[in-house]
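Because only heavy atoms are used, hydrogens play no part in the values below, and waters and symmetry mates are left out as well, while side chains stay in.
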Number of protein chains: 2
Amino acid sequence: MKIDIGMSPRKRPSLVEQVRESLLGDLTSGKLTPGAKLPNENDLADRFGVSRSTIREAVGGLMDAGYLARRHGSGTYVTSSPRTRHPLETTVSYTAMIRASGRKPAETVVSKVVRAPAAEERELLRLSDGDSVIDVERVRFADRRPVIYSRDRIPVALLGDSSDQALDSSLYAILARSGHPVASATAQLIPTLAGAKLSRLLMVKRGTPLLHIDQVDYDERGQPVMLSHEWHVADAFDLVVNRRTSPASEDA
Amino acid sequence: MKIDIGMSPRKRPSLVEQVRESLLGDLTSGKLTPGAKLPNENDLADRFGVSRSTIREAVGGLMDAGYLARRHGSGTYVTSSPRTRHPLETTVSYTAMIRASGRKPAETVVSKVVRAPAAEERELLRLSDGDSVIDVERVRFADRRPVIYSRDRIPVALLGDSSDQALDSSLYAILARSGHPVASATAQLIPTLAGAKLSRLLMVKRGTPLLHIDQVDYDERGQPVMLSHEWHVADAFDLVVNRRTSPASEDA
DNA sequence: GAGTGGTCTAGACCACCGT
DNA sequence: CGGTGGTCTAGACCACTCC
């Protein structure tokens, strides 16, 4: 129940990560097929030359990721349906996502300005007087079809020198290079309708259903580093959430 | 502080759970306020009379739930925004959710039938020949306003004797009593528009934006136990997803 | 009853943060 | 530097499943 998010510069992978990678390899290579039973934890510990706790943590991560399921008293088994399409609960570069779905990604920058923040932006980004934000409006395409309109705002103070390096790379990459890699985010999902502007930009009829995603991105320290507004064409992606019953469930 | 209704056989909470509950109490009671620093792990271990690993697991759970944040080399701190509105990534009873938001929950059963499964249902629920499903259509209200229309299908074979006990309790509770508590789920989110039927049931205009949630619930063994189709009125809830960067992130 | 995962301990050393 | 969380070990006992 703890996925390692460590994403900073290269460092020697922990034993847990090494074991997890190794098992994941067996899973994706087909060496371990759905329904198969894993060796028991003591055997795995011996095989990898680590302690049982290490094995348990590695296997635990693969459970969280949905690859494995433990059955108390019985064994650990390979899940029948390893993965889902696009898990919303992890942040991904849309460019990578479109490419992964076998389509050709493209994007156009509608506007890019540096300006003073609006009141809401000041609050959400915890800005001080005089701080300004860079505001980027883009439309993303998949196979020449517009699928997402987005508006991202980042405090210029965070970017240091990199504020000029345009948008050759994703904003996530730029933030990471600036020492503020996005570690988590909170997104609110709102179904809405295409109005005049969005229908033009996304080339859909007015009144077409869109999914509006209103997101705040945080770095490892919990500092807000980016505000995103996105409007998704309904059928462009399979937006999926993997849900679990809350461990600390209240009594209702 | 231990009621034990008729749920699964009573068992003593693990030390981890006890520690977690205790810390959670401090958090919700305001004893620990946002930004506050927790005692270090060794101190906590001494105070609770458990090992440091136990403390770490308890704290880890509260991190996952968003209450605490660890900073390597610095300490463990109370999150500034304890919890967000309605985290989509955990499954909740809507009745409880509506009540938690300070509104009065109600529901009407539109229909409830036992029938043979459709092809898609047979596949998703992994049914065999002759298996049938119970199909429940409901509308949920918050303060007398309809907010969700749902259609849930459960294999009758799973319910045992409880198939008759109507819907006095939530379907989650019924499944739990039948030995198949929902442990995880996969939900697909699709923005859509209210058509004739939904506009009538949810008392909105045709063409009103709705969020369609198409969900499969699984028990601890990974066996699918319920299929849900839900249509949410856009502004009824704040649907929120807490996202994190994927551990194995691609370069984009 | 044999075998499996579930929980827990006590202690060690490492990596990072701050002063 | 001292204090903190991060990783890992070796071993113990418990709880569940299945034969």
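- D:dG5 atom C1' lies 13 Å from atom CD1 of B:Ile55, rounded to whole Å.
- Each of A:Tyr77 and A:Thr54 lies near DNA chain D, and the nucleotide nearest A:Thr54 is the one positioned closer to the 5' end.
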Would A:Leu68 and A:Leu27 count as a side chain to side chain contact (heavy atoms under 4.5 Å, CB included) if you check the C-alpha gap in whole Å, the side-chain angles of each, and the deciding distance to 0.1 Å? CA-CA 9 Å; A:Leu68 299 177; A:Leu27 286 163; 4.2 Å; yes

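- In this structure, CZ of B:Arg52 is placed 13 Å from C1' of C:dT9, rounded to the nearest angstrom.
- The residue A:Ser53 sits close to a base: some heavy atom pair falls under 4.0 Å.
- Between the CG atom of A:Asp46 and the C1' atom of D:dT9 there is a distance of 13 Å, rounded to whole Å.
- Between the P atom of C:dT4 and the CG atom of A:Leu68 lies a distance of 16 Å, rounded to the nearest Å.
- Remark: C1' of C:dA12 and CG of A:Leu15 are 14 Å apart, rounded to the nearest angstrom.
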Listed pairs, N/O of protein and of nucleotides 2-4 of chain D, under 3.5 Å:
| unit_1 | atom_1 | unit_2 | atom_2 | d |
| --- | --- | --- | --- | --- |
| D:dG3 | N2 | B:Gly73 | O | 2.6 |
| D:dT4 | OP1 | B:Asn40 | ND2 | 3.2 |
| D:dT4 | OP2 | B:Asn40 | ND2 | 2.6 |

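- As rounded to whole Å, 15 Å separates atom P of C:dT9 from atom CZ of A:Arg56.
- Here C:dT9 presents its C1' atom at 13 Å from CD of B:Glu57, a figure rounded to the nearest Å.
- One interatomic measurement links the two molecules: CD of B:Gln18 to P of C:dC8, which rounds to 8 Å at whole-angstrom precision.
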For B:Arg115 and B:Glu121, what are the C-alpha separation, side-chain angles and deciding distance, and is it a salt bridge (charged side-chain N to carboxylate O under 4.0 Å, His left out)? CA-CA 11 Å; B:Arg115 57 168 174 77; B:Glu121 293 164 346; 3.0 Å; yes

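- For the OP1/OP2 pair of C:dT4 and a distance below 4.0 Å, the side-chain nitrogens and oxygens of A:Arg70 include no atom meeting the criterion.
- Between B:Arg47 and B:Pro39, the closest heavy-atom pair is NH2-CG, 3.4 Å.
- The closest donor-acceptor contact from the side chain of A:Arg20 to the backbone of A:Glu57 lies under 3.5 Å.
- Remark: A:Asp46 engages no residue in a side-chain contact (heavy atoms from CB on, under 4.5 Å) (not counting sequence neighbours).
- Residue pairs that meet the salt bridge (charged side-chain N to carboxylate O under 4.0 Å, His left out) test with at least one member in residues 66-79 of chain A, sequence neighbours left out, are A:Glu41-A:Arg70.
- Nearest heavy atom pair, residue B:Pro34 against residue B:Val78, reads CA-CG1, 3.7 Å.
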